[in-house]
Every structure is written in C-alpha cells, then in structure tokens.
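First comes the structure, then the notes that go with it.
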There are 2 protein chains.
Amino acid sequence: MPMRRKNYHGPVEATVDILAGRWKPLILWALRDGTLRFGQIEEELSAYTPNITKRMLTRQLRELENDGLVVRKVYPEVPPRVEYTLTERYRSLMPIVKLMYEWGKEHMAGQIGYECDGKRTG
Amino acid sequence: MPMRRKNYHGPVEATVDILAGRWKPLILWALRDGTLRFGQIEEELSAYTPNITKRMLTRQLRELENDGLVVRKVYPEVPPRVEYTLTERYRSLMPIVKLMYEWGKEHMAGQIGYECDGKRTG
DNA sequence: CTGTATCCCCTCTGATACTG
DNA sequence: CAGTATCAGAGGGGATACAG
C-alpha cells in the first residue's frame with residue numbers, strides 16, 4: 001500500500017493535492033447523492049467518459065479513503081459487496097469544490113489546451 | 001515549449017489542474033501584493049522553504065502564464081529584467097484559493113502524511 | 001463482484017552545469 | 001539577471017491478465 005507522506009509548502013498545496021487525481025472529482029461527484037457500490041461507481045463513470053480501469057478506480061478510491069474524503073464499507077458476503085460514501089470531511093469541502101466547478105465552467109471553456117469529454121459532471 | 005493539451009472530464013478537474021504544481025500556490029502567494037521580478041520571486045520562496053531551482057521556477061511560471069494566471073513582461077535591457085504580475089483571471093480565482101487555504105489550515109494539520117515546511121504562506 | 005499483479009510509458013520534479 | 005541544457009529518479013496513469 002503506497003502510503004502518502006508529503007511535505008507541502010502550505011495549506012493550499014495540500015488541499016489541491018487531495019483533489020488532484022485523474023478521476024477524483026468525477027468519483028466525488030458520482031457519490032453526491034449517497035452510497036454507491038464499487039460497480040455502480042464504475043458504471044456511473046462509464047456514462048460520463050471512456051472507461052476507467054478497475055485498477056485506477058481502486059487506487060483513486062483508496063487515496064480518497066486515506067485522505068478521509070470517502071469511507072469504504074466491506075460486507076463479508078459472497079459475492080463481495082463494498083460500498084463507498086462521502087464523509088462529513090468532504091461535505092465541508094464540497095462548497096469550495098462547487099465554486100471550483102463554477103469557476104472552471106466559466107473560465108476554462110474555450111481555453112487553449114482545454115477540452116472536456118464529460119457530459120454534465122463534477 | 002511543453003504545450004498543455006489535456007482532456008479533462010469536467011471543470012473541477014481543470015480548475016484543480018491549473019493550481020496543481022509543486023510551487024504554484026507559493027508563487028501566486030508571493031505575487032499577491034503586486035509585480036515582482038524573477039529574482040525577487042526566487043528570493044521570496046527561499047524565505048519560505050528550501051530552495052527552488054531556477055529551472056523549476058521558470059517552468060512553473062511558464063505554466064501559470066500559459067494558463068493565464070500571471071503575465072510576464074520582458075524589458076529589453078542588459079542585464080535582463082523580467083516582471084511577473086497576477087492577472088484579473090487569477091484575481092477572480094483568488095477568493096476560492098483563499099477558501100482552500102482556510103480549509104487546509106483547519107483540516108490538514110495533523111493529518112497523517114501531512115507536513116508543512118512553510119512559515120505563513122499560501 | 002471487487003479487486004491484484006505485471007508491465008510500460010510519460011510527466012513531474014530535482015541537481016548540476018552552462019549562457020546571452 | 002534570468003534563464004537553458006542535460007541527466008536522472010520517482011510516481012501517476014493505463015492495458016491486460018488473473019484471483020478470491
């Protein structure tokens with residue numbers, strides 16, 4: 001398990017970092033309305049954009065979990081069931097993410113080098 | 001010149017991305033009060049944390065410029081003088097960055113894997 | 001169904017030396 | 001003064017196959 005130990009220069013860098021992953025904003029967006037199973041998240045993301053691999057989805061979810069933005073609950077069943085839910089910690093960050101969404105929507109569209117495959121996502 | 005052409009999945013990812021650089025928050029913070037020369041930025045950052053190299057400072061500044069967060073003005077003199085200033089575009093993002101600063105200060109301190117060398121920065 | 005194990009590429013970051 | 005050139009290491013991201 002790759003443990004994150006980073007030396008940041010300040011709080012902004014740290015905050016940016018926990019959101020900086022190829023699929024994290026999308027995952028957090030997918031979970032906005034409640035709990036989802038692993039496969040449901042996978043399905044949600046596939047609706048937005050070309051497939052994320054199980055490997056990457058697992059990694060991003062583990063990092064979000066390590067950073068305390070989601071909780072992972074495993075049900076000891078066969079076949080296995082694993083559910084993911086946003087934490088209060090992330091809920092407190094969510095308004096800021098929403099502002100980033102609005103800012104990006106207004107200021108990034110049409111930027112050079114900017115292209116977005118998402119349909120209506122986070 | 002490494003041109004940024006990325007396919008984002010949504011506005012949040014795009015917004016996070018333009019702030020995601022090892023020295024960008026610090027640079028933007030250093031420029032908060034007005035225009036600075038290349039060497040002055042270098043000096044500011046050295047006051048916060050172990051030295052950034054000229055190479056990295058140049059790269060981060062170029063990316064910030066490409067993303068329209070700073071402007072670079074070259075004076076054709078000898079020895080050369082180059083000045084950097086925040087753009088209105090970044091000023092419009094600054095309130096959000098400030099919120100990220102506050103959130104990080106409150107929620108990242110004491111986090112596992114979190115350590116900060118900065119003294120009182122962005 | 002929910003992941004691991006491998007392998008590989010590419011970008012980011014950094015150290016060091018050099019230049020108009 | 002304000003950068004480039006070069007080399008190198010670490011890790012993020014992805015394709016594919018396999019497993020409990």
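Below, chains carry the letters A, B, ... as their sequence lines are ordered, and counting in each starts from 1. On a predicted model such as this, the values are computed, not experimentally measured, just so you know.
- Straight-line distance from the NZ atom of A:Lys24 to the P atom of D:dG13: 7 Å, rounded to whole Å.
- Inspection of the B:Trp29 and B:Tyr101 side chains reveals no N or O donor paired with an N or O acceptor under 3.5 Å.
- Counting heavy atoms from C-beta on, the side chains of A:Thr53 and A:Trp23 never come closer than 4.5 Å.
- Side-chain N/O atoms of A:Gln60 include one lying less than 4.0 angstrom from OP1 or OP2 on D:dG13.
- Between the CD atom of B:Glu83 and the P atom of D:dC1 there is a distance of 15 Å, given to the nearest Å.
- Two end axes, each from the C1' atoms of five base pairs, can be drawn for the helix from C:dC1-D:dG20 to C:dG20-D:dC1; they diverge by 50°, to 10 degrees.
- The backbone N or O of B:Ile41 sits nowhere less than 3.5 Å from a side-chain atom of B:Glu44 that would complete a donor-acceptor pair.
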Decide side-chain contact (heavy atoms from CB on, under 4.5 Å) for A:Leu26 and A:Tyr48; before the verdict, give the C-alpha distance in whole Å, the side-chain angles of both, and the deciding distance to 0.1 Å. CA-CA 9 Å; A:Leu26 240 48; A:Tyr48 297 153; 3.7 Å; yes
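- You'll find the side chain of B:Thr85 stays beyond 4.5 Å of the side chain of B:Val70, heavy atoms only.
- In this structure, A:Glu77 places its CD atom 15 Å from C1' of D:dG20, rounding to the nearest Å.
- Across the protein-nucleic acid pair, B:Tyr75 atom OH and D:dG3 atom P stand 13 Å apart, rounded to whole Å.
- Residue A:Arg72 places at least one side-chain N or O closer than 4.0 Å to OP1 or OP2 of C:dG3.
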Chi angles and distances behind the salt bridge (Lys or Arg N to Asp or Glu O under 4.0 Å) call for B:Glu42, B:Arg37: CA-CA 9 Å; B:Glu42 200 177 7; B:Arg37 301 181 54 164; over 6 Å; no
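- Backbone-only engagement by A:Tyr84 is indicated by non-hydrogen atom pairs under 4.0 Å involving sugar-phosphate atoms exclusively.
- Phosphate contact (OP1/OP2 of C:dG3, side-chain N/O of A:Arg62, threshold under 4.0 Å): present.
- The CD atom of A:Glu63 sits 11 Å away from the C1' atom of D:dG13 (whole-angstrom rounding).
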Below 3.5 Å is the cut-off: list the nitrogen or oxygen pairs between protein and nucleotides 15-20 of chain C, distance only.
unit_1: C:dA15; atom_1: N6; unit_2: B:Arg55; atom_2: NE; d: 3.2

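- Spacing between atom CE of B:Met56 and atom P of C:dC12 amounts to 9 Å, rounded to whole angstrom units.
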For a side-chain contact (heavy atoms from CB on, under 4.5 Å) check, start with the C-alpha distance between B:Leu64 and B:Ile18, then their side-chain angles and the critical distance, and finish with the verdict. CA-CA 7 Å; B:Leu64 289 171; B:Ile18 64 177; over 6 Å; no
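- Regarding contacts with the backbone of D:dC1, every side-chain N or O of B:Arg37 stays at 4.0 angstrom or more from both OP1 and OP2.
- At distances below 3.5 Å, at least one donor-acceptor pair connects side-chain atoms of B:Arg89 with backbone N or O atoms of A:His107.
- Considering only side-chain N and O atoms, A:Trp23 lies nowhere under 4.0 angstrom from the phosphate OP1 or OP2 of D:dG13.
- When atom types are taken as modelled, the side chain of A:Gln40 and the backbone of A:Leu36 share no donor-acceptor pair closer than 3.5 angstrom.
- For the pair A:Arg22 CZ and C:dC10 P, the interatomic distance rounds to 16 Å; values are reported in whole Å.
- Rounded to an integer number of Å, the gap from A:Arg81 CZ to C:dG3 C1' is 16 Å.
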